[in-house]
Amino acid sequence: MTANYALKILKITRNNILKTFDGFGIEELNQTPKGFNNNLIWNFGHVIATQQLLCYGLSGNKTFVSSEIIDTYRKGTKPEGFVSTEAFEELKRLSEASLLQMEKDYAAGLFNEYKAYPTSFGVTLSEIEEAIMFNNVPEGMHLGYCIGLGK
């Protein structure tokens, strides 16, 4: 698998996550169902933050999304208050824009260095191509969580 093909899968997965939100209002997207630790919006923000940290953070590059978004949705966080419609719309915009920027930055050779990172899945990432490909694992996992939360 090439990094460009992995980015194509990532776009499709992000669109599938967004489809799981169809028919839900902002209150429902913010609701954490009994038996769960987070909600639909948190899962969406989390995949954006994770991709930024795995690809940009570990390559020593500035993230495309703000540190506030990353700090709100990174690993180890949980929903902390109500996310407004405007903030949710911004996440949707950032989801698409960050992937377009990733494609451009990768094509431009921005990711020359990469700090090796042992993931919680037991895989060590050593270069940007590995990070791009691996990122589809948590994206798919959180798509599954979104499907479950939507039921």
Let me confirm one number: the NZ-CG distance from Lys8 to Leu10, rounded to the nearest 0.5 Å. 13.0 Å

How about CG on Asp22, more than 12 heavy atoms from neighbouring residues, nucleotides or ligands closer than 6.0 Å, or not? yes

Establish whether Met133 and Tyr117 are linked, either directly or via other cluster members, by ILVMFWY side-chain heavy-atom contacts under 4.5 Å. no

Connected via hydrophobic side-chain network under 4.5 Å: Leu53 and Val47: yes

If we check side chain to side chain contact (heavy atoms under 4.5 Å, CB included) with Phe21, which of these qualifies: Leu40, Ile41, Ile26? Leu40

State, yes or no, whether a side-chain contact exists between Ile70 and Val65 at a heavy-atom distance under 4.5 Å. yes

If we only count heavy atoms from C-beta on, is the Asn43 to Ile17 side-chain gap below 4.5 Å? no

Indicate the atoms forming the closest heavy-atom contact of Ser59 with Phe111, along with that distance. OG-CD2, 3.2 Å

To the nearest 0.5 Å, atom OG of Ser95 lies from atom CZ of Phe44 at 3.5 Å

Under 4.5 Å between any side-chain heavy atoms of Ile48 and Arg14, yes or no? yes

Between the main-chain N or O of Gly57 and the side-chain N or O of Asn61, is there a donor-acceptor pair closer than 3.5 Å? no

Determine whether Leu149 and Asn38 make a side-chain contact, defined as any pair of heavy atoms from C-beta on separated by less than 4.5 Å. yes

Hey, could you give me the CG/NZ distance between Leu110 and Lys62, rounded to the nearest 0.5 Å? 12.0 Å

Minimum heavy-atom distance Met141-Phe121, with the two atoms named: SD-CZ, 3.8 Å

Could you state the interatomic distance from CD1 (Ile9) to CG (Asn16), rounded to the nearest 0.5 Å? 11.5 Å

4.5 Å side-chain heavy-atom contact, Glu129 and Tyr106: yes

Could you measure the distance from the CG atom of Leu100 to the CG atom of Leu7? Nearest 0.5 Å is fine. 10.5 Å

On a heavy-atom basis, the closest approach of Thr72 and Trp42 is O-NE1, 3.9 Å

Hey, does Tyr56 have a side-chain heavy atom less than 4.5 Å from the side chain of Met102? yes

State, to 0.1 Å, how close Cys55 and Ile128 come at their nearest heavy-atom pair, and which atoms those are. O-CD1, 3.5 Å

Please tell me whether Leu99 and Ile12 are part of a single hydrophobic cluster in this structure, the criterion being side-chain heavy atoms less than 4.5 Å apart. no

Shortest non-hydrogen contact from Tyr114 to Ala131? OH-CB, 3.3 Å

Nearest heavy-atom approach of Ile132 to Ala6 is CG2-CB, 3.9 Å

Heavy-atom side-chain proximity of His46 to Tyr145 below 4.5 angstrom: no

Where at least one partner belongs to residues 95-119, residue pairs that pass salt bridge (Lys or Arg N to Asp or Glu O under 4.0 Å), sequence neighbours excluded: Lys11-Glu103

Judged by modelled atom types alone, do Thr32 and Lys78 share a side-chain donor-acceptor pair under 3.5 Å? no

To the nearest 0.5 Å, tell me how far Phe134 CZ sits from Glu139 CD. 11.0 Å

Evaluate the side-chain proximity of Leu94 to Phe64: yes if any heavy-atom separation is below 4.5 Å, no if none is. yes

Between the side chain of Thr20 and the main-chain N/O of Ile147, is any donor-acceptor distance below 3.5 Å? no

Could you give me the CA-CA distance, side-chain angles and deciding distance for Leu29 and Val83, then say whether side-chain contact (heavy atoms from CB on, under 4.5 Å) is met? CA-CA 9 Å; Leu29 294 172; Val83 176; over 6 Å; no

Please check if the side chain of Gln52 supplies one atom and the backbone of Ala49 the other of a donor-acceptor pair under 3.5 Å. no

